[in-house]
Amino acid sequence: MVLNKLKNILPLKKSYSITFKKIIEYVSKKNNFSQSEVDKICKAYDISKEAHEGQLRRSGEPYFNHCINVAYNLARWNMSSDVIIAGILHDVLEDTSLEKNDIIDNFGIDIYNLVEGVTKLSDIKFNSRQQKQAENFMKMFLSVATDIRVIIIKFSDRLHNMQTISYLPLIKQRRIAVETRDVFAPLAHRLGMWKLKAELEDLVLKTLEPKIFNKISRKLSSTSKQMQKYIDNFSNPIIEELEKFNITHTIQGRSKNKSSIYHKMVNKNKDFTEIFDLLAIRLIVDKVEECYATLGIIHQLYTPIHERFKDFIATPKINGYQSIHTTVFGQKGKMFEVQIRTKGMDKTAEEGVAAHFAYKEHGQFEENKDSIDRHVSWLRELILSLQNEENNPKEFLNLLKIDLYEDEIFIFSPKGDLFQLKAESTPIDFAFHVHSQVGFHCITAKVNGKIVPLNTSLKSGDHIEIITSDSQTPRMSWLKYVKTAKAKNQIKRWIKKQQEVESIKLGKEILDKALKKIKKPKLITKISDNPKDMGFNTIDSIYMALSSGKITISEIFSKYLESSENLKEVDEETLTEKFLRKARGISKGVVIDGIENAMITFGKCCNPIPGDQIVGFITRGRGVTIHRGNCKNIPTISNLDRLLNVEWNVGQKESFVVRLKITGEDRKHFLKDITESISGLNINLASVDIRAKEGIAIGYFILQIRDTRQLNRIINKIKIIKGIIDLKRM
Ligand code: MN
């Protein structure tokens with residue numbers, strides 16, 4: 001029938017390639033296709049062919065073949081003729097003399113927009129460097145989120161390029177394969193285009209690991225007969241039963257793609273035979289009810305493994321995937337994984353978002369639109385979280401990876417609404433998912449009617465109720481177990497804000513006290529009117545810098561006090577204090593578990609300075625006290641949970657200051673010998689203070705040191721100077 005229709009409509013020119021004729025065949029199978037559509041596709045063929053005339057691919061074949069193959073994939077995926085036409089034209093803007101108006105005049109603005117979108121995507125080159133890659137990711141998402149059809153055309157383009165990759169130089173092959181692995185395959189997965197993802201990943205494996213690829217291929221073909229036997233023995237009883245119940249079905253021994261076999265071998269450290277212990281079949285039936293009937297039949301024939309049962313028909317995955325999964329024990333204890341679904345679900349599973357663009361009967365459009373929106377909204381959410389948060393490409397990449405590879409769980413609100421969350425999400429994740437205010441104040445949760453701790457991992461099917469309290473606020477420890485990016489970001493933001501409030505309070509206290517001490521409380525007006533003198537925009541920033549140790553009281557005084565009224569009190573600062581202040585001034589404070597601007601004080605017992613290995617100890621109400629790692633005053637094991645990992649916030653090239661106390665015989669040239677060894681090592685001597693008493697000289701030397709290696713060298717050098725009695729680092 002189809003062929004008849006075909007004959008009626010076209011006398012297709014003989015010069016059309018076989019691939020192109022197949023495209024027309026696909027298009028004409030659609031119920032509502034028209035001659036004008038076919039004419040338009042043919043016109044695209046003629047125009048694109050002429051435009052690409054004379055251009056060759058690396059393989060030596062005409063460039064235009066690529067364009068037709070790209071369009072062929074799109075036809076295979078049931079794309080509309082507009083998308084197919086855009087596929088035929090996808091490279092004309094970039095590679096030929098055709099221009100915007102040529103396309104608009106012949107095919108209209110919609111098709112032009114598609115072609116332009118694809119051309120824009122082609123400009124994006126992914127670098128092997130992570131950061132660059134992530135930035136490009138973003139651009140890609142941003143530019144395509146408006147029209148997913150552009151991504152689908154790009155997928156088709158990429159698929160054909162991967163299929164013909166062997167003609168490229170090796171270096172280029174690797175780059176394109178890595179990009180396909182890191183960008184296109186995960187995105188295809190996310191959009192539910194499982195078949196494409198598998199195709200791409202196999203091609204990637206073939207390019208990057210040809211030996212392994214060939215080995216797996218050989219194994220597969222050598223074991224295929226035996227596998228088929230197992231599968232037949234398993235399925236025959238099922239088929240008999242299905243026929244009794246008049247259920248029309250198709251049964252497929254599932255082809256595992258080679259890359260997933262490879263990943264199982266690597267990740268789960270299994271060898272070939274182990275992987276093939278788990279056999280898989282797929283049953284495709286007509287109606288949803290028949291899916292469940294089939295499931296019943298299978299569970300009657302074979303013993304199911306309950307934990308492996310998943311009903312993605314009742315609760316579809318985010319990418320639209322629907323199917324029933326069950327694993328049962330077949331003959332001889334062999335395990336079989338069975339997927340049961342309808343034809344429509346199978347199409348969605350194989351083609352994902354692409355399936356929704358395929359022509360369907362009138363009236364189904366709304367439903368399609370919903371599932372398209374679901375995909376697009378995922379992209380939008382990602383983009384949104386990008387714009388909101390500190391724009392850290394590396395973090396974004398991780399986020400993306402997590403979001404891409406982790407499975408979802410499905411849970412119910414008290415009202416029975418269904419929510420999708422990342423696997424292992426906690427009640428806190430759910431709370432933030434509902435609303436940030438619920439998240440901020442959640443105090444406990446009921447799961448299936450029972451009170452549970454907030455760090456409980458939720459499971460699919462759980463009914464959850466969040467209990468809030470106005471007095472509750474987010475805890476730092478929540479960050480350790482929340483799973484969703486949304487909860488993480490909200491908690492971090494809240495803590496940061498809270499720390500700012502605290503550190504402003506502390507800074508204000510410090511400054512008020514100091515002003516009182518020098519009896520100049522009114523100086524505060526001058527400071528808050530002129531924060532710029534200190535290099536800050538607001539007095540709050542000055543408070544924060546003060547409490548985190550980035551600036552000191554004496555620095556503030558020297559800026560805002562007249563030199564005549566200068567600082568009797570501050571002069572009383574001891575030499576040691578002065579040194580510490582100077583030494584610490586080099587760093588921009590201390591970083592606590594990646595969070596800046598925490599309230600910090602330095603332990604008076606060990607006087608840590610930049611370069612020292614340090615730890616933080618949480619003191620109630622006074623923030624974090626910093627001690628040297630080997631300080632004897634660090635509270636012991638019983639307080640382990642109050643210890644924090646902290647680091648000096650010092651750039652790599654910055655030097656740090658060290659103070660040495662050197663004791664020696666008061667002899668001629670003693671000082672000269674020491675300073676010569678110091679300058680001999682190219683070390684900057686910041687200050688010397690030496691005194692002699694009863695034949696003994698005691699000197700304090702402040703040095704600028706690059707690292708501990710340099711410090712050890714200078715210590716060893718000074719130690720052998722004649723007359724040295726003692727040398728201590730203060
Ligand atoms: Mn192309």
Side-chain angles (χ1 to χ4, degrees), residues 17 19-20 22-23 26 41 43-77 79-100 102-103 106-107 110-126 136 139-140 143-144 147-169 171-185 187-188 191 193 196-197 199-200 203-204 207 354:
S17 66
T19 317
F20 183 69
K22 280 192 197 156
I23 295 175
Y26 269 111
I41 297 175
K43 186 159 96 180
Y45 182 99
D46 295 334
I47 288 178
S48 176
K49 187 168 194 217
E50 198 193 316
H52 285 293
E53 193 63 59
Q55 295 174 356
L56 295 179
R57 298 200 94 206
R58 278 264 179 180
S59 57
E61 59 178 334
Y63 191 88
F64 181 64
N65 286 3
H66 166 65
C67 311
I68 285 305
N69 275 294
V70 168
Y72 172 69
N73 287 333
L74 296 168
R76 201 157 58 89
W77 296 341
M79 291 293 111
S80 71
S81 50
D82 279 3
V83 179
I84 294 171
I85 290 170
I88 297 174
L89 299 171
H90 81 273
D91 275 331
V92 296
L93 282 180
E94 204 178 3
D95 296 336
T96 77
S97 57
L98 287 189
E99 283 171 10
K100 183 176 177 177
D102 299 320
I103 299 180
N106 283 297
F107 304 101
D110 188 43
I111 289 177
Y112 169 76
N113 284 335
L114 291 175
V115 175
E116 202 217 1
V118 178
T119 309
K120 268 192 200 153
L121 276 191
S122 311
D123 292 340
I124 302 170
K125 287 280 175 317
F126 295 80
N136 290 333
K139 277 193 212 156
M140 176 159 166
S143 55
V144 299
D147 197 334
I148 277 200
R149 293 177 301 170
V150 169
I151 266 199
I152 293 173
I153 298 170
K154 190 66 198 167
F155 274 144
S156 170
D157 180 45
R158 176 53 54 116
L159 178 61
H160 188 246
N161 284 336
M162 283 300 295
Q163 283 162 342
T164 52
I165 200 170
S166 61
Y167 298 101
L168 297 180
I171 277 202
K172 224 174 164 186
Q173 285 190 26
R174 276 201 76 84
R175 186 186 69 76
I176 293 175
V178 166
E179 183 179 292
T180 305
R181 182 191 67 197
D182 291 346
V183 181
F184 287 88
L187 197 53
L191 296 175
M193 303 171 80
L196 171 72
K197 179 197 172 228
E199 267 178 294
L200 288 174
L203 290 164
V204 167
T207 310

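Whatever order the structure lists ligands and atoms in, that order sets their numbers, starting from 1. Excluded from the calculations below are hydrogen atoms, water molecules and symmetry mates; all remaining heavy atoms, backbone and side chain alike, are included. Residue numbers start at 1 and run along the sequence shown.
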Any [X] side-chain heavy atom under 4.5 Å of [Y] side chain:
| X | Y | value |
| --- | --- | --- |
| S156 | W77 | yes |
| L93 | I103 | yes |
| F64 | Q55 | no |

Run through I68, I85, L89, T96 and flag the one making a side chain to side chain contact (heavy atoms under 4.5 Å, CB included) with S48. L89
Could you pull out all residues at least two apart from R76 that satisfy side-chain hydrogen bond (donor to acceptor under 3.5 Å, both in side chains)? N73
Identify which protein N/O/S atoms are less than 2.8 Å from the Mn ion (ligand 1). H66 NE2, H90 NE2, D91 OD2, D157 OD1
Might you point out which heavy atoms bring L74 and V83 nearest each other, and give the distance in Å? CD1-O, 3.5 Å
